[in-house]
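One structure below.
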Amino acid sequence: MKKVAVLVSGGGTNLQAIIDAKTKGIIKNAEISLVISNNASAFALERAKKAGIEAKCIAPSMFDTRELFNKALIKALDEAEIDLVVLAGFLVIIPEEMVAKYRNRIINIHPSLIPSFCGTGYYGLKVHEKALERGVKLTGATVHFVDEGTDSGPIILQKAVEVKDDDTAESLQLRVMEEAEWKILPEAIELVASGKVQVVDGKTKIMRS
């Protein structure tokens with residue numbers, strides 16, 4: 001059973017999707033051992049506590065330097081003996097030493113079909129605003145491994161969502177979450193925890209048998 005840490009900054013809807021998937025048996029080979037937020041008032045921390053999961057706030061503002069924050073974050077993961085880190089709306093840059101230490105063991109959910117609408121500055125509603133501005137007919141979500149770039153690591157899963165003529169950024173955001181994010185994130189966690197995802201030459205190979 002792989003130990004998972006989920007890192008969040010806000011409401012934790014993706015965290016709830018992971019908790020629900022574990023309860024339903026969709027996630028079999030992983031357990032959520034730790035939830036970390038950089039925001040002490042994040043509702044995600046309440047979701048974790050309600051589910052009986054250890055939850056803590058570790059924020060850059062709590063430390064004199066960014067280096068001290070980085071060390072505290074990695075120490076918390078080490079102490080919990082974490083196997084897999086899941087970024088579920090964590091709006092803090094991940095330290096490079098953490099990326100190196102957890103190579104191909106940190107995954108992120110992004111609310112678009114990468115390489116569209118991703119990279120620096122593309123997060124939250126901004127992603128959906130840009131998609132509507134461009135007039136795309138399909139958008140969606142992507143789960144990918146985290147590397148030293150922004151939204152640039154090997155792609156694990158993607159799921160498309162239709163854009164409707166009367167969509168607002170808010171309605172599109174909700175539908176992408178419901179139809180894509182909440183489905184492929186738990187699926188990706190189970191695939192990685194089960195050892196069914198390999199990274200070869202910067203691309204993933206998924207063994208579903």
Side-chain angles (χ1 to χ4, degrees), residues 4-22 26-27 30 32 35-39 42-45 47-48 84-94 99 102 104-192 197 203-204 206:
V4 175
V6 182
L7 277 53
V8 290
S9 290
T13 52
N14 275 309
L15 169 63
Q16 190 64 54
I18 299 167
I19 292 169
D20 293 346
K22 178 63 179 175
I26 295 167
I27 296 175
I32 311 167
V35 170
I36 296 174
S37 179
N38 64 305
N39 176 5
F43 187 63
L45 294 173
R47 293 182 191 271
L84 174 64
V85 178
V86 177
L87 307 183
F90 190 58
L91 301 179
V92 177
I93 295 172
I94 297 299
V99 174
Y102 287 87
N104 298 331
R105 292 193 295 141
I106 306 177
I107 66 175
N108 180 55
I109 181 84
H110 183 76
S112 77
L113 297 174
I114 292 174
S116 298
F117 311 111
C118 67
T120 304
Y122 283 92
Y123 61 89
L125 272 179
K126 293 181 181 182
V127 176
H128 306 291
E129 288 168 355
K130 291 294 184 182
L132 291 174
E133 191 178 295
R134 184 64 183 86
V136 297
K137 304 303 180 186
L138 283 176
T139 185
T142 303
V143 181
H144 64 93
F145 284 116
V146 173
D147 63 8
E148 285 77 8
T150 304
D151 302 327
S152 57
I155 290 170
I156 303 168
L157 292 174
Q158 291 184 302
K159 191 172 190 334
V161 174
E162 183 182 359
V163 180
K164 296 181 179 179
D165 292 340
D166 60 350
D167 263 326
T168 62
E170 288 80 7
S171 68
L172 185 57
Q173 180 184 50
L174 180 60
R175 209 162 61 259
V176 167
M177 287 193 292
E178 290 176 341
E179 296 181 12
E181 293 182 45
W182 298 347
K183 294 183 178 179
I184 63 173
L185 184 55
E187 184 183 350
I189 290 169
E190 177 61 17
L191 284 169
V192 174
V197 183
K203 296 178 181 178
T204 59
I206 297 176

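Note that the structure is predicted; figures quoted are calculated from it, not measured. Basis for what follows: all heavy atoms, side chains included, without hydrogens, waters or symmetry-related copies.
- Under 3.5 Å, the side chains of S9 and N38 contain a donor-acceptor pair of N or O atoms.
- For E170, there are no salt bridge (charged side-chain N to carboxylate O under 4.0 Å, His left out) partners at least two apart in sequence or on another chain.
- For the pair Y122 and T150, the minimum side-chain heavy-atom distance is 4.5 Å or more.
- No donor-acceptor distance shorter than 3.5 angstrom exists from the side chain of R105 to the backbone of V192, with no hydrogens or angles considered.
- Between atom NZ of residue K22 and atom CG of residue D20 there is a gap of 13.0 Å, rounded to the nearest 0.5 Å.
- Nearest heavy atoms, A141 versus A180: CB-CB, 3.7 Å.
- The two residues P111 and V127 come nearest to each other via the heavy atoms O-CG1, 3.2 Å.
- Scanning all heavy atoms of the two residues, the minimum distance from A131 to F117 falls at CA-CZ, 3.6 Å.
- From T139, atom OG1 reaches atom CZ of R134 across 13.0 Å, with rounding to the nearest 0.5 Å.
- Of the listed residues (L7, I18, V146, V143), just one forms a side-chain contact (heavy atoms from CB on, under 4.5 Å) with V86, and that residue is I18.
- Among all heavy-atom pairs drawn from E181 and P186, the shortest one is O-CD, 4.0 Å.
- In this structure, CD in E187 is found 10.5 Å from CD1 in I27, a value given to the nearest 0.5 Å.
- Between the CG atom of L87 and the NE2 atom of H110 there is a distance of 13.0 Å, given to the nearest 0.5 Å.
- With rounding to the nearest 0.5 angstrom, the CD1 atom of I94 is 6.0 Å from the CD1 atom of I106.
- The neighbour count for D166 CG, taken as heavy atoms of other residues, nucleotides or ligands under 6.0 Å away, is above 12.
- With sequence neighbours excluded, the residues satisfying side chain to side chain donor-acceptor pair (under 3.5 Å) with H144 are N108.
- Listed for the T142 side chain is a donor-acceptor partner under 3.5 Å among the backbone atoms of I114.
- Contact detail for K183 and K159: the closest heavy-atom pair is CD-CE, 4.1 Å.
- Of the inter-residue distances, the one linking Q173 atom CD with D167 atom CG reads 11.5 Å to the nearest 0.5 angstrom.
- Of the options I184, N104, I189, I107, a side-chain contact (heavy atoms from CB on, under 4.5 Å) to I156 is made by I107 and by none of the others.
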(request) Apply side chain to side chain contact (heavy atoms under 4.5 Å, CB included) to the pair L157 and I206, showing each step before the final yes or no. (result) CA-CA 9 Å; L157 292 174; I206 297 176; 4.0 Å; yes
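- Nearest heavy-atom pair, I109 versus A88, reported as atom, atom and distance to 0.1 Å: CG2-CA, 4.1 Å.
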